Amino acid sequence: MFEALTDNIRSVLRKISGRGRLSEKDVAEACRELRLALLQADVNYQVAREFIRHIEQRAVGQEVAESLTPGQQFGKIVHEEMTALLGGESASLRYRSKPPSVFMLVGPQGGGKTTTCAKLALHLKHHGQHPLLVGADVKRPAAIEQLRVLAGQAEIPAFEASQTDDGTALAREAVSFAAGKGLTPVIIDTAGRLHSDDEMMQEASNMKDALAPDEVLLVVDAMTGQDAVNMGKQFQERVGLTGCIVTKLDGDARGGAALSLRHVTGQPIKFAGTGEHLGDLEPFHPDRMASRILGMGDVLTLIEKAEEAWDEKQAKRTEKRLRTGQFNLADFLEQMEKMTHMGPIERLAELIPGLPSGLRAQVDESAVKVAKAVIESMTRGERENPEIIDGSRKKRIAHGSGANVQQVNQLLRQFAQMKTMLRGLSAGKRPARLPIRWL
Ligand SMILES: Nc1nc2c(ncn2[C@@H]2O[C@H](COP(=O)(O)OP(=O)(O)OP(=O)(O)O)[C@@H](O)[C@H]2O)c(=O)[nH]1
Ligand SMILES: [Mg+2]
C-alpha cells in the first residue's frame, strides 16, 4: 500500500532522525522533501501545503528545540499531523435508537459500491448484527443480480423487490420489510451508472430525502486519485455525506485520494477496502493508517486480524503447548494455515513494524507453500519431534515435498528460532499468539 510514498517519507525521516540539533534550514529541507513526496503521491495541492505548514510551524518551535532527540521528535510530529489529516479519531457508524438503521452507499461508477455493501454487511454480521442487503440500482438488473450473488456468498438476506423501476420506493419497501423481520441495518446499494453524474447525484439525493438514512457513505476507488476526491466534494455538496469508504487500497494507488478525502469532503473515512474478497474490509483508524504510511507497521490491525482468524480455544491450547515446551512442527503447520486465512502474506507484512522494504519482497506466499509441503512430507513422529530428523530423513522429506535439503534445513532453523521467540513471549500476553518471526 502506498509504497513509493512510504519509501520517500522514510528516507526523509531517516536523514533527519540522527541529528542532534535541527537548524531551520534542516527543517525547511525536510519539509520541502515531504511536500514533494506528497505531491508525487497525488495528494491535493492545498492539502499538502497545509499539512506542511503545520509541520513547519511545530518543528521550528519549542517542542523540537527542547527535545533531546530532535530528529525523532520531528518524526513524531509528522505522524501526528498525518493522523490529523486522516481524520484524527476513528469514526464509527451511526445507528438509530429504533431499528432498523439505514445505510446508503453512494459514489461514482465502478468505485466498489456493490462489493462494499456485501463486505460491510458481512463485517457487521461478524459483529453480531443482522443486516439486510438491498439492490436499488434498478436501472441495471445485472447490478441487482451481482448483489444477490454476493449476498448469497456472505449468507446474508438480500431483499426481493415486488416492483423494480423506482429505486426509492424499493428501498422504502425494504426498510419496512426489515422492520418486520427484525433485520438491521438495511444496507442500500445505489446506481453508479446513469446518463450523467448529475442524474446520479439527483437520484441519490432524492433517496436520501425519502429515507433519512443514518449513514450516507461515499465509496471511492483510491486508484482514481484526485478525480475521486473531486467527486467526493460534489457528493458532499449535492447529496450530503456522513462518511467515506476508500476501496482498492490493495492496488497500486499512490495514496493521494486517501490522504485528501477527509480534508476535502470534511467527512471521516470509516472503512477501507483492501481486496476483492468479501473479508477484505477494515475499519479505518487514522493513527494506524498513519503508522503504516510512515512505514511503522500496524500491530493492532495485525492482532485483530489474527483474532478474527483464530478461535480462542485453539489459541489457548497453543499457548499451553508453548508454555509446556510441547510446541512442534504440527502446531507450526496449523498456525501457518491459520495465517493464510488472514490474507495474502505480503499485505500482512506491511503491518509489521520495522520490516525493511527488501525483506517485504521476500515474504511471499510461495515460501509458505514450500514450508507447508515440507512439513506435510514429514511423518507424524518427525513433526512432533523434529530433533530426530537426520540427514537421510531430510533427503526423504525433500524428495517427497519437491523441495531441496537446504530448504528443509532452513525451515527447521526457522522453526527453532520461532520456538525460542515464542517461548520468550509466552509469559506475556497477546503477541505470543502471533507467529510473525518465521516470516
Ligand atoms: N482489488 C480490489 N478490488 C475491489 C475492491 N472493491 C471493489 N473491487 C472491485 O472493483 C470492481 C467494481 O466493483 P463494484 O462493487 O461492482 O463497483 P460499483 O461501484 O458497484 O460499480 P457500478 O455499480 O458499476 O457503479 C469489482 O471488480 C470489484 O471486485 C477492493 O477493495 N480491492
Ligand atoms: Mg454497483
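What you are looking at is a predicted structure, and each value in this text was computed from that prediction instead of being measured. Both counts, for ligands and for their atoms, begin at 1 and track the order of listing. Keep in mind that the numbers below use all heavy atoms, side chains included, and drop hydrogens, waters and symmetry copies.
- Note that NE2 of His285 and CZ of Arg292 are 9.5 Å apart. Values are rounded to the nearest 0.5 Å.
- Under the 6.0 Å cut-off for aromatic ring centres, Phe271 and His123 qualify, their centroids lying closer than that.
- Heavy-atom proximity to Arg140, at under 4.0 Å, picks out these atoms of ligand 1: 22 (P), 23 (O), 24 (O).
- Minimum heavy-atom separation, Ala398 to Asn404: CB-C, 3.7 Å.
- A donor-acceptor contact under 3.5 angstrom links the side chains of Thr114 and Asp189, judged on distance only.
- Protein heavy atom nearest atom 24 (O) of ligand 1, with residue, atom name and distance: Arg193 NH2, 2.6 Å.
- Of all atoms in ligand 1, numbered sequentially from 1 with element shown, those under 4.0 Å from a heavy atom of Gly192 are 25 (O).
- Annotation for ligand 1: atoms under 4.0 Å from non-hydrogen atoms of Lys113 are 15 (O), 17 (O), 18 (P), 19 (O), 20 (O), 22 (P), 25 (O).
- Among all protein heavy atoms, the one lying closest to atom 30 (C) of ligand 1 is Gly275 O, 3.1 Å.
- Below 3.5 Å of separation, one finds an N or O of Gln146 facing an N or O of ligand 1.
- Under the 3.5 Å distance criterion, with hydrogens and angles disregarded, a donor-acceptor pair is assigned to the side chains of Gln202 and Asn206.
- Under 4.0 Å from ligand 1, the heavy atoms of Thr274 that appear belong solely to its backbone.
- Of the N or O atoms in Leu249, none lie within a sub-3.5 Å distance of an N or O in ligand 1.
- Heavy-atom separations between Ala143 and ligand 1 are all 4.0 Å or longer.
- Contact annotation for Asp250 and ligand 1: only side-chain heavy atoms (C-beta onward) come within less than 4.0 Å of the ligand.
- Surrounding NZ of Lys125 are more than 12 heavy atoms belonging to other residues, nucleotides or ligands, all under 6.0 Å away.
- A side-chain contact (heavy atoms from CB on, under 4.5 Å) with Val106 holds for exactly one of Leu241, Leu217, Ile188; it is Leu241.
- Of all atoms in ligand 1, listed by their number and element, those nearer than 4.0 Å to a heavy atom of Lys119 are 5 (C), 6 (N), 30 (C), 31 (O).
- Shown here is Gln46, whose CD atom has no more than 12 heavy atoms of other residues, nucleotides or ligands within 6.0 Å.
- The distance from ligand 1 to the heavy atoms of Thr115 drops below 4.0 Å at these ligand atoms: 7 (C), 13 (O), 14 (P), 15 (O), 28 (C).
- With atom 8 (N) of ligand 1 as the reference point, the heavy atom nearest to it among Gln109, Lys248, Met200 is part of Lys248.
- Screening Asn44, Val246, Ile293 for a side-chain contact (heavy atoms from CB on, under 4.5 Å) with Leu259, the sole residue that qualifies is Ile293.
- The minimum heavy-atom distance between Leu147 and Val134, with the atom names listed, is CD2-C, 3.5 Å.
- Atoms of ligand 1 found under 4.0 Å from any heavy atom of Gly273 (numbered from 1 in listed order, with element): 31 (O).
- Shown here, atom 27 (O) of ligand 1 is out of close reach of the protein: none of its heavy atoms lies under 4.0 Å off.
- Using 4.0 Å as the threshold, Gly107 has no heavy atom nearer than that to any atom of ligand 1.
- Summary of contacts: the protein heavy atom closest to atom 12 (C) of ligand 1 is Gly110 O, 3.8 Å.
- Scanning the protein heavy atoms around atom 3 (N) of ligand 1, the nearest turns out to be Glu276 CG, 3.4 Å.
- Note on Gln146: not counted as a metal contact of the Mg ion (ligand 2), no N/O/S atom lying under 2.8 Å.
- When all heavy atoms are compared, the tightest approach of Leu261 to Cys244 is CD2-CB, 3.8 Å.
- Nearest heavy atoms, Thr168 versus Ala210: CG2-CB, 3.4 Å.
- Evaluated by nearest non-hydrogen atom to atom 20 (O) of ligand 1, the leading choice among Thr114, Ile245, Thr116, Thr247 is Thr114.
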